[in-house]
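Let me begin by presenting the structure, written as structure tokens, before commenting on it.
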Amino acid sequence: MILGELQVHQFLEMIPVGFCVISEDFTITRWNHILQEWTGIRAEEAVEQNLARIVPSMATPLIRERFAVAWMGGGPVILSSRFHPNLFPRRGGSESGEQYQRITIIPFFTSGKGAGAMIVVEDMTALTLQVLMYRETRDQIRSELEERTRAEQALAIANNKLNTLAAVTRHDLQNLLTSLEGYIILSLKQNPAGVLLGYLERIQAIGQTMRRQV
């Protein structure tokens, strides 16, 4: 099936991405309605104009070098949204003011007309912002987990210190109680009577209760 020029034009206008076609000298030969809506530049204002005049960011040496690579047989070139987020400024932009685009340069060659390229512009703003939000959430969760781990480690250290202190204190109290009980036994061997005997027996009972509690 061979498509006519009108059918090709209609097909390209239906594609839901921005695209323009340039010749090797960067003259724009096609500028679709999506780019017109995004940039506010009408097709009749762009066609037959130099791309660098319509989109100044495309005139940088780095971008020109990428076109040269494509025309030298390097195949399609992708300008990622990470390093080239906003080559075709979008009128209005997102609510946050941020814009992210992925641009694909597709070289072609025609007999008698030389080299050319189709530039496909995809709006990656919504997807990129979602990824950035995901990364921010992930980093926040990771930070909270690290903070929780540090808190758990600090709590474990504190518990170990408390356990050590408790063990030492318990040992010291047991030694003191042993001494107290020893003195009570020695006092009882002196055969005390009356009120003194009652006091010693009560002290002995209290000492035994304290040992059980320890």
Rounded distance (nearest 0.5 Å) linking atom [atom1] of [X] with atom [atom2] of [Y]:
X      : Y      : atom1 : atom2 : result
Gln190 : Ile185 : CD    : CD1   : 13.0 Å
His33  : Glu37  : NE2   : CD    : 5.0 Å
Arg170 : Asn175 : CZ    : CG    : 11.0 Å
Phe108 : Glu24  : CZ    : CD    : 10.5 Å
Met58  : Phe88  : CE    : CZ    : 4.5 Å
Leu79  : Thr104 : CG    : OG1   : 8.0 Å

[X] to [Y] - nearest heavy-atom pair and separation:
X      : Y      : value
Phe109 : Trp71  : CZ-O, 3.4 Å
Ile63  : Ser57  : CG1-O, 3.8 Å
Gly207 : Leu177 : O-CD2, 4.0 Å
Gly18  : Ile34  : N-CG2, 3.4 Å
Ala52  : Arg64  : CB-NH2, 3.5 Å
Ile54  : Glu45  : CD1-O, 3.8 Å

Looking at [Y], is its backbone amide N or carbonyl O close enough to the side chain of [X] to form a donor-acceptor pair, meaning the two atoms are under 3.5 Å apart?
X      : Y      : result
Gln36  : Ala43  : yes
Gln204 : Ile184 : no
Asn32  : Val17  : yes
Thr164 : Asn160 : yes
Trp31  : Phe19  : no

Discussion item. Using the rule given for side-chain contact (heavy atoms from CB on, under 4.5 Å), can you reason through Thr178 versus Arg211, listing the C-alpha separation, both sets of side-chain angles and the distance that settles it, and then say yes or no?
Written reply: CA-CA 9 Å; Thr178 299; Arg211 181 177 292 279; 3.0 Å; yes
Worksheet item: When hydrophobic residues are tied together by side-chain contacts of less than 4.5 Å, even through go-betweens, does Ile105 share a cluster with Ile78?
Response: no
Practice prompt. Check whether Ile203 and Leu188 end up in the same hydrophobic cluster, where Ile, Leu, Val, Met, Phe, Trp and Tyr are linked by side-chain heavy atoms less than 4.5 Å apart.
Written response: yes
Discussion item. Taking CD in Glu147 as the centre, count heavy atoms belonging to other residues, nucleotides or ligands within less than 6.0 Å. Is the count above 12?
Written reply: no
Item to complete: Using the side-chain contact (heavy atoms from CB on, under 4.5 Å) rule, take Ile141 and Arg138 through it: C-alpha gap first, then chi angles, then the decisive distance, then the call.
Response: CA-CA 5 Å; Ile141 292 174; Arg138 179 200 61 189; 5.9 Å; no
Who passes side-chain hydrogen bond (donor to acceptor under 3.5 Å, both in side chains) against [X], sequence neighbours left out?
X      : value
Arg53  : Gln49
Asn163 : none
Glu122 : Arg102

Practice prompt. May I ask you to test the Leu145-Arg142 pair for a side-chain heavy-atom distance under 4.5 Å?
Written response: no
Worksheet item: Are side-chain heavy atoms of Leu180 and Leu176 found at a separation under 4.5 Å?
Response: no
Discussion item. If we check side chain to side chain contact (heavy atoms under 4.5 Å, CB included) with Ile22, which of these qualifies: Leu51, Thr27, Thr29?
Written reply: Leu51
Practice prompt. Considering only NZ, NE, NH1 and NH2 on the basic side and carboxylate oxygens on the acidic side, decide whether Arg148 and Glu152 come within less than 4.0 Å.
Written response: yes
Item to complete: Please lay out, stage by stage, how Ile119 and Ile103 fare under the test side-chain contact (heavy atoms from CB on, under 4.5 Å).
Response: CA-CA 7 Å; Ile119 304 172; Ile103 296 175; 3.6 Å; yes
